[in-house]
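Below you'll find the structure, written out as structure tokens, and then a few comments.
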Amino acid sequence: MKKIQKPKINVNLEIIDNVEELLQLIEDDEKIFDKLIENIDIPTIDESRVSFDSCVFRNVNFENCTFRYIDLMDVTFEKCDLSNIDFSEGSIFRTEFVNCKMIGSKIEDAHLKDCLFKNILGDYSSFAFSKLNKVSFESSSFASSIFMEVKNKYMNFDDCNFKKSVFTKTYLEDVNLSNCEIDGIEIGIPELYKVKVNASQGLELVKLIGLIVE
């Protein structure tokens, strides 16, 4: 796994703790940069092509918000609720999601590079058809999630729950799943080429080719 570049966030950030001010910036179609956005609840909104650069979101509730074609560059989300967020077809670079709730999040057909998902509750999420380059999932739960037809390069999984998740046509060559929970995952034989698993996982995965181990 190549080293992931961390967000490059300016030291002096303007604090925004008023939702009306943030919504006005979004409505004005401005590129929003150098902001610390904290302790606010963003109402259900549907906006596209919003851009955030060098921003920190801390304790922000985005529940049920849609931001298709979003542009995130050098952004950190800390202790945020992004449940049912829609970042589909977005560009997400040098961005970290830490200690966040992301149940049912939709990040489909998006481009992610140098991103970290750490301590995330993200069950029932979808990354289908996305491109992931140097993306790390650590100490997180993405059970019953969809990683179908993901094109990935230098992807890292560490201590994650992927039970009953779908990895159809996502090739995981050199990915280490040995300390992850993968019971009931949906994946084809070709996608498992050179995947690293532990012994018990290997016994489960042989069932995919119809073998019965006694």
Side-chain angles (χ1 to χ4, degrees), residues 1-14 16 22 25-26 28-38 42 45-60 62 65-102 104-120 122 125-140 142 145-158 160 170-172 174-175:
M1 177 68 186
K2 289 196 173 182
K3 186 176 181 180
I4 294 175
Q5 294 186 45
K6 295 185 69 65
K8 298 177 181 178
I9 298 174
N10 292 334
V11 176
N12 297 316
L13 300 178
E14 178 188 356
I16 295 180
L22 177 60
L25 289 173
I26 294 173
D28 291 342
D29 294 324
E30 291 188 21
K31 182 174 183 178
I32 302 169
F33 61 93
D34 295 342
K35 300 289 190 293
L36 168 58
I37 302 162
E38 61 181 353
I42 300 176
I45 60 173
D46 187 344
E47 293 284 346
S48 62
R49 304 189 187 280
V50 178
S51 178
F52 293 96
D53 188 344
S54 182
C55 290
V56 174
F57 292 88
R58 184 175 297 143
N59 193 31
V60 176
F62 289 88
C65 292
T66 297
F67 292 103
R68 295 179 68 87
Y69 303 98
I70 194 167
D71 184 3
L72 298 174
M73 173 70 83
D74 297 315
V75 176
T76 298
F77 295 87
E78 303 172 1
K79 297 182 180 178
C80 293
D81 188 344
L82 298 114
S83 296
N84 300 311
I85 197 81
D86 189 349
F87 284 161
S88 294
E89 299 178 90
S91 297
I92 305 174
F93 299 149
R94 290 200 303 265
T95 295
E96 294 185 348
F97 300 83
V98 180
N99 297 320
C100 292
K101 183 179 178 182
M102 300 183 70
S105 59
K106 190 175 180 181
I107 311 178
E108 297 180 344
D109 202 21
H111 187 187
L112 289 75
K113 185 176 181 181
D114 291 300
C115 293
L116 171 66
F117 295 83
K118 186 171 184 178
N119 295 328
I120 302 298
S125 295
S126 178
F127 291 82
F129 311 108
S130 289
K131 296 178 181 178
L132 277 59
N133 186 351
K134 293 196 294 182
V135 176
S136 185
F137 297 84
E138 303 175 10
S139 303
S140 298
F142 284 94
S145 293
I146 299 175
F147 293 84
M148 183 173 61
E149 294 192 44
V150 170
K151 294 181 179 179
N152 68 87
K153 189 175 182 181
Y154 308 120
M155 186 163 63
N156 179 61
F157 294 148
D158 183 16
C160 290
T170 294
Y171 297 93
L172 300 176
D174 295 324
V175 172

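Residue numbers run from 1 in the order of the sequence given.
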Close aromatic pair by centroid cut-off 6.0 Å: F137 and F142: yes
Check: F57 ring centroid to F62 ring centroid under 6.0 Å: yes
Atom of [X], atom of [Y] and distance for their closest heavy-atom approach:
X	Y	result
F52	I37	CE2-CD1, 4.3 Å
M155	V175	O-CG2, 3.9 Å
I85	F67	CD1-CD1, 4.0 Å
E149	T170	N-OG1, 3.1 Å
C160	S139	SG-N, 3.9 Å
K79	C100	N-SG, 3.9 Å

Value rounded to 0.5 Å, distance of [atom1] in [X] from [atom2] in [Y]:
X	Y	atom1	atom2	value
D81	C65	CG	SG	9.5 Å
C80	N59	SG	CG	7.0 Å
I4	C115	CD1	SG	8.0 Å
E38	I16	CD	CD1	10.5 Å
S54	M73	OG	CE	11.0 Å
N152	L132	CG	CG	7.0 Å

Side chain S105, main chain N84, donor-acceptor under 3.5 Å: no
Does the side chain of [X] reach to within under 4.5 Å of the side chain of [Y], using non-hydrogen atoms?
X	Y	value
V50	K31	no
L22	I42	yes
K131	L112	no
R68	D86	yes
Y154	V135	no
V56	I9	yes
K35	L25	yes
I107	I92	yes

Electrostatic pair D74-K8, nearest N-O below 4.0 angstrom: no
Parallel, tilted or perpendicular: rings of F77 and F97 (30°, 60°): parallel
Inter- and intrachain pairs under salt bridge (charged side-chain N to carboxylate O under 4.0 Å, His left out), touching residues 111-120, at least two apart: D114-K134
T66/F87 under side chain to side chain contact (heavy atoms under 4.5 Å, CB included): CA gap, chis, key distance, verdict: CA-CA 7 Å; T66 297; F87 284 161; over 6 Å; no
I120 vs K101, side chain to side chain contact (heavy atoms under 4.5 Å, CB included): CA-CA, chis, key distance, verdict: CA-CA 6 Å; I120 302 298; K101 183 179 178 182; over 6 Å; no
Verdict with supporting geometry, D71 and R49, salt bridge (Lys or Arg N to Asp or Glu O under 4.0 Å): CA-CA 7 Å; D71 184 3; R49 304 189 187 280; over 6 Å; no
Under a 3.5 Å cutoff, is there a donor and acceptor pairing between the side chains of [X] and [Y]?
X	Y	result
N156	S136	yes
E108	S126	yes
D109	S88	no
E78	T76	no

Worked check of side chain to side chain contact (heavy atoms under 4.5 Å, CB included) between I32 and D53: CA-CA 6 Å; I32 302 169; D53 188 344; over 6 Å; no
Test log, rule side chain to side chain contact (heavy atoms under 4.5 Å, CB included), inputs E96 and K6: CA-CA 8 Å; E96 294 185 348; K6 295 185 69 65; 2.8 Å; yes
